[in-house]
2 protein chains.
Amino acid sequence: MDQPGPSSGESLLFLTDEQLRKGIEAMFFAYRGFTADPDRILEDHGYGRAHHRAIHFIHRAPGTTVNNLLNILGVTKQSLNRVLRTLQSDGLVEARVGAKDKRERHLYLTAKGGELERALSDAQRQRMRAAFREAGPNAVAGFRTVLEHMMDPEMRRHYAAMKEPGQ
Amino acid sequence: MDQPGPSSGESLLFLTDEQLRKGIEAMFFAYRGFTADPDRILEDHGYGRAHHRAIHFIHRAPGTTVNNLLNILGVTKQSLNRVLRTLQSDGLVEARVGAKDKRERHLYLTAKGGELERALSDAQRQRMRAAFREAGPNAVAGFRTVLEHMMDPEMRRHYAAMKEPGQ
DNA sequence: ATTTTATGTCAGTGTTGTTGACTTTCCAAG
DNA sequence: CTTGGAAAGTCAACAACACTGACATAAAAT
């Protein structure tokens, strides 16, 4: 559409509106697949995606505070609180009052919570593993690169904060 | 894409659980960015993502039937109907009774509906274009390949049914 | 004539988001 | 030390939007 740049010799055909539209639909359809398997498991437990997200990030960073989770998930604290309340009363999550700052609640998965987390992430990883394997390492690297650039800077910080496998 | 196979000496380190977890979070955070810009526009109009999806696919395939849209979107007809009803009464979408089969309603965007579609897709494309450009054509190809393999087969059919830009 | 298909509607429920009001705890300025 | 504000978390009420189930209408198919 626009993007001059042919001076560099690069074709830039991958930036046409048609290509971008393909990318948009790829995201839409792929995300549906991405959430389909966990959704089925969650349904059996009477939970939704909000519960999955909470469980995922508590697993990733045990002892995280409610406020920290709030920043990552980008919802209101009231919304998150409802989810955490049910997870706690169902015995999947434990909230310990902060030692230093007693206002804070540090969140941990219980054994039972860990079980559900494993079931959910196993299902999700299985699909991702199949997709990765079929696409190959080179495609996977491209996949990650594009997604990183699609994130809001704030979210990219949270993403990058994950401990890198190979480091 | 290229199918290495362990026999070829390929490392397969990209299939570790840690790498897969990175991929999972990349999808999560990127999808948030992916929907952020249209969400802001939709809010001004009192619409939600459901309206966006309907508008997008009516734009992509003008004259599509309600039933066809149902299959693509994967929601119940009651849910879709609520959205279509508001879009029609707001004058963004027009439903014409089928000429051949009078039970069918063929859906079209009005001029006003086309305007909103453009605003929404412009916003979404702008972000995708930036991500694509920064990542480069090779990464974009990998991105698309992995996403395709992540879709449910049914959805992949809909995705592939789009007219390919270069064909 | 009967059945099936395509669409639309009404009622009810559940998840998840929101805002508003409130409590408890911490900290810092007077 | 007290007071006042900020921060963390909770409770209650409401809105958006998904779902199921039951039902209605019209037209196509058998």
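- The side chain of A/Val75 has C/dT18 as its nearest neighbour among C/dT7, D/dT20, C/dT18.
- A/Leu87 has its CG atom 13 Å from the P atom of D/dT10, to the nearest Å.
- B/Ser79 has a side-chain polar atom (N or O) that falls below the 4.0 Å cut-off from OP1 or OP2 of D/dC19.
- Regarding contacts with the backbone of D/dC19, a side-chain N or O of B/Thr76 is found under 4.0 angstrom from either OP1 or OP2.
- Partner of B/Phe28 under the ring pair (Phe, Tyr, Trp, His ring centres under 6.0 Å) criterion, chosen from A/Tyr31, A/Phe57, A/Tyr159: A/Phe57.
- Rounded to an integer number of Å, the gap from B/Leu70 CG to C/dG8 C1' is 12 Å.
- The residue A/Gly98 sits apart from the nucleic acid: no heavy atom pair falls under 4.0 Å.
- A/Gly74 comes within 4.0 angstrom of no nucleic acid atom, judged by non-hydrogen atoms across all strands.
- For the pair B/His51 and D/dA16, the criterion of a side-chain N or O lying under 4.0 Å from OP1 or OP2 is not met.
- Checking the phosphate oxygens (OP1, OP2) of D/dA18, no side-chain nitrogen or oxygen of B/Arg49 falls inside 4.0 Å.
- Atom pair B/Leu84:CG and D/dC17:C1' shows a separation of 14 Å (rounding to whole Å applied).
- Backbone-only contact: B/Arg53 has heavy atoms under 4.0 Å from sugar-phosphate atoms and none from a base.
- Looking at which nucleotide of DNA chain C each of A/Lys100 and A/Tyr47 is closest to, the 5′-most match is held by A/Tyr47.
- Between the side chain of B/Arg103 and the base of C/dT7, no donor-acceptor pair under 3.5 Å is found.
- The side chain of A/Ala50 has C/dG17 as its nearest neighbour among C/dG17, C/dT7, D/dA8.
- Looking at A/Gln124, A/Arg118, A/Gln126, A/Arg125 one by one, the single match for side chain to side chain donor-acceptor pair (under 3.5 Å) with A/Asp122 turns out to be A/Arg125.
- Following rounding to the nearest Å, A/Lys77 (NZ) and C/dT24 (P) show an atom-to-atom distance of 15 Å.
- The CG atom of A/Asp101 sits 17 Å away from the P atom of D/dA6 (whole-angstrom rounding).
- Ring geometry, B/His56 versus B/His52: the interplanar angle exceeds 60°, so the pair is classed perpendicular (tilted spans 30 to 60°).
- Residues B/Val83 and B/Gln78 both approach DNA chain D. Their nearest nucleotides, taken by heavy-atom distance, put B/Val83 toward the 5′ side.
- Residue B/Asn81 places at least one side-chain N or O closer than 4.0 Å to OP1 or OP2 of C/dT9.
- Using a 4.0 Å heavy-atom distance criterion, A/Arg82 is classed as a base contact.
- Between the NE2 atom of B/His45 and the P atom of D/dA16 there is a distance of 16 Å, given to the nearest Å.
- The distance between atom CG of A/Leu80 and atom P of C/dT18, rounded to the nearest whole Å, is 11 Å.
- Using a 4.5 Å cut-off on side-chain heavy atoms (C-beta onward), A/Ile41 and A/Leu116 make contact.
- Here the nucleotide nearest the side chain of B/Lys102, chosen from D/dA28, C/dA21, C/dG17, is D/dA28.
- Two residues are said to be in side-chain contact when any heavy atoms from C-beta on lie closer than 4.5 Å; B/Leu147 and B/Met27 meet this criterion.
- Distance A/Glu43 CD to C/dG14 P: 14 Å, rounded to the nearest Å.
- Residues B/Leu70 and B/Asn67 form a side-chain contact, since some pair of their non-hydrogen atoms from C-beta on lies under 4.5 Å apart.
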